[in-house]
Amino acid sequence: MDQYWSVTQQLLAGFGENCLLFGVTLLFALPLGLLISLGSMSRFKPLKAVCRVFVWIIRGTPLMLQLFVVYYIPPLLSDGSFKFSDRMTAAMIAFIINYAAYFSEIYRGGIEAIPRGQYEAGYVLGMTKSQIFFKVVLLQVVKRIIPPMSNEIITLVKDTSLARVIAVGEILKNAEQFTKQGLIWPIFYTGAFFLLFCGVLTLLFRFIERKLDYYKG
Amino acid sequence: MAFLEVKNIKKSFGKTLVLKDISFTLEKGEVLAIIGSSGSGKTTLLRCINFLETPQKGVISVNGSVLFDDADSSKKKDAEIRKNRLHFGMVFQQFNLFPQYTVFENLILAPKLLAKEKIEQNGEFLGAKSYKEAVESIKTYAEQLLENVGLSEKRDEYPCNLSGGQQQRVAIARALALKPDILCFDEPTSALDPELTGEVLNVIKSLKSSESTMIVVTHEISFARDVADKIIFMADGVIEEEGTPQQVIENPQSPRTQAFLSRFNQYSD
Ligand SMILES: Nc1ncnc2c1ncn2[C@@H]1O[C@H](COP(=O)(O)OP(=O)(O)OP(=O)(O)O)[C@@H](O)[C@H]1O
Ligand SMILES: [Mg+2]
């Protein structure tokens, strides 16, 4: 029993890191993704090209590779004079960049799915561009992107364990430590933490979807 | 000077010239029906009039004031285009109601936004001195419009729960809520099941009065004949023939008008 509690404590400490990475990534990647999506729909061609190439590179390479790049490339380029003092910071940067790219595509899909007639109806009613965006389009976009967003955010929960490749002390890394003492079960036990967290998120997203279910279209 | 004057409108998309040289006038209280085959430029013309497209050439004026003139080279500011748009209302083929708002909210959304802006700017909106007062009269007017289109009991429904014909009647009421000088319809019944066209056409017919000026693009020839004071037949981006319903529909002079109408007469009567 004592052993069970000490393992749980260790894993909880690790899962705290996962949650931190999750929260910070969401906090920055959600708005950054919106900026990138606006850029990738811009009529200013160079900006559009830069954003699209960025999204292509980020979505076209493994997140694990991006973690290595963010952690190892700056010291290499600066001949070792720059080094991340905190591995977590490097992980956060890689995750924010990666998820902003994915989110931007979700936003873009949502925004482009709004029929042009909605904007035109607003225009002929004398509304300004920003009134049309905030009063007409925004909620429709939100309703459309909730399902793909919830998918992506649930993936993010599980992806946070990838941070262990640059030795962030997250839950799976902590669980692995116990194998040295001949304990295998803590590794499987980690699943419970992810399941619980994702379960709560699923309920939350279902609640939001229900809230927006009062209209169709 | 006529109430609405449209002069020498030219509009092309890339290399395709869609409106070649369109001029017409309309008096206050008149109903103009525009007919013509698919691709002749009817929608494009209405969109130019509503400033959803910018013509390369031409002049548009309402009640003596010039709203658009290609010779006026200064690029129009958004605010000015918005102000000009308010002279016109537009009812689309696809209704384009805002799905997240109830019928009533669809009607009052734009007027409320406008009232807020006007009262902040001038301290006044259509006689109302405060925003609250303005909202009251906007709501009263919206209720009345819903009654006029026969949808008072649908006030708090969402558009997805209405039939196509009901949605289009809401769209008409929404366009009227801003009291436009000229109300434009782009094939208002083309997206509807045949049994629903009647209710929408009847509403449009009921709007006809000495005060309301309307432009209706339609394929409903008998409706055009009954309601319009004036008919324009468009073909390939030009006005091929125009006149009273008697002139254009009963006695078309141009061979193209005759050919177009004979295709309709085959199926009616
Ligand atoms: N945004 C656009 N870009 C390029 N071409 C366009 C555009 N809008 C319209 N056109 C072209 O202009 C021509 C006239 O189109 P328009 O929609 O005005 O015709 P219409 O008379 O309304 O036809 P319908 O009866 O089918 O509605 C068509 O050949 C169409 O392909
Ligand atoms: Mg058309």
Side-chain angles (χ1 to χ4, degrees), chain A residues 30 34 37-38 41-45 47-48 106-150 204-217, chain B residues 43 46-47 49-53 77-79 81-103 105-118 156-162 167 170-171 174-180 182-184 186 191:
Chain A
L30 284 173
L34 185 59
S37 81
L38 294 178
M41 290 183 291
S42 167
R43 265 177 295 184
F44 181 57
K45 293 264 164 60
L47 178 63
K48 178 171 164 166
I106 294 177
Y107 288 128
R108 190 165 70 87
I111 293 171
E112 286 180 346
I114 305 301
R116 210 173 50 149
Q118 291 289 306
Y119 294 89
E120 293 184 344
Y123 285 135
V124 298
L125 290 168
M127 292 165 74
T128 64
K129 284 197 177 110
S130 79
Q131 286 171 343
I132 293 171
F133 183 76
F134 287 108
K135 300 281 180 182
V136 175
V137 175
L138 185 61
L139 189 70
Q140 295 185 49
V141 173
V142 170
K143 183 176 161 98
R144 274 167 210 261
I145 67 176
I146 291 290
M149 264 303 173
S150 50
L204 180 70
F205 285 122
R206 196 172 302 160
F207 174 76
I208 300 173
E209 268 180 60
R210 289 248 174 85
K211 276 270 167 206
L212 291 175
D213 222 20
Y214 67 90
Y215 79 90
K216 293 202 180 47
Chain B
T43 297
L46 276 197
R47 291 173 60 83
I49 294 175
N50 281 277
F51 308 101
L52 290 173
E53 307 282 0
K77 286 204 210 72
D78 276 359
I81 297 175
R82 278 180 58 219
K83 199 166 137 244
N84 291 341
R85 277 193 183 120
L86 289 172
H87 289 282
F88 298 92
M90 176 83 160
V91 174
F92 299 89
Q93 192 174 340
Q94 300 296 341
F95 332 134
N96 296 339
L97 294 177
F98 304 135
Q100 74 268 43
Y101 293 119
T102 64
V103 165
E105 288 165 347
N106 262 277
L107 262 65
I108 62 175
L109 176 68
K112 273 170 70 181
L113 290 170
L114 193 66
K116 187 162 198 180
E117 181 184 330
K118 291 287 174 218
D156 298 316
E157 288 284 356
Y158 288 92
C160 58
N161 298 327
L162 302 182
Q167 290 190 46
V170 174
R174 182 178 69 174
L176 287 168
L178 284 164
K179 306 187 178 164
I182 297 160
L183 186 52
C184 304
D186 188 12

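The sequence lines fix the lettering, A, B, ..., with proteins before strands; numbering per chain opens at 1. Worth saying up front: this structure is predicted, and the values here are computed from it rather than measured.
One finds the OH atom of A:Tyr123 at 14.0 Å from the CG atom of B:Asn50 (value rounded to the nearest 0.5 Å). Within the model, atoms CZ of B:Arg85 and CG of A:Leu125 stand 10.5 Å from one another, a figure rounded to the nearest 0.5 Å.
Only the backbone of B:Phe88 comes within contact range of chain A, with at least one heavy atom under 4.5 Å from a heavy atom of that chain. With a 4.5 Å cut-off on non-hydrogen atoms, A:Gln131 touches chain B through its side chain but not through its backbone. In this structure, chain A has a heavy atom under 4.5 Å from the side chain of B:Arg47, while its backbone stays farther away. When heavy atoms are compared at a cutoff of 4.5 Å, B:Tyr101 approaches chain A solely by way of its side chain, counted from C-beta outward. For A:Lys129, the part lying near chain B is the side chain, with the backbone staying farther off; criterion is any non-hydrogen pair under 4.5 Å.
Looking only at side-chain heavy atoms (C-beta outward), A:Val136 and B:Leu109 come within less than 4.5 Å of each other. Here the side chains of B:Asp78 and A:Thr128 are not in contact, with every heavy-atom distance at 4.5 Å or above.
In terms of non-hydrogen atom pairs under 4.5 Å with chain A, the most contact-rich of B:Thr102, B:Leu178, B:Leu114 is B:Leu178.
B:Phe98 and A:Gln118 make their closest contact through CD2-OE1, 3.3 Å (heavy atoms, listed as atom of the first residue, atom of the second, distance).
Residue-environment remark: NZ (A:Lys143) exceeds the threshold of 12 foreign heavy atoms within 6.0 Å.
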Side-chain donor-acceptor pairs under 3.5 Å in residues 210-217 of chain A, sequence neighbours left out?
unit_1, atom_1, unit_2, atom_2, d
A:Tyr214, OH, B:Gln100, O, 3.2

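Without hydrogens or angle criteria, B:Arg82 side chain to A:Gly126 main chain gives a donor-acceptor distance under 3.5 Å.
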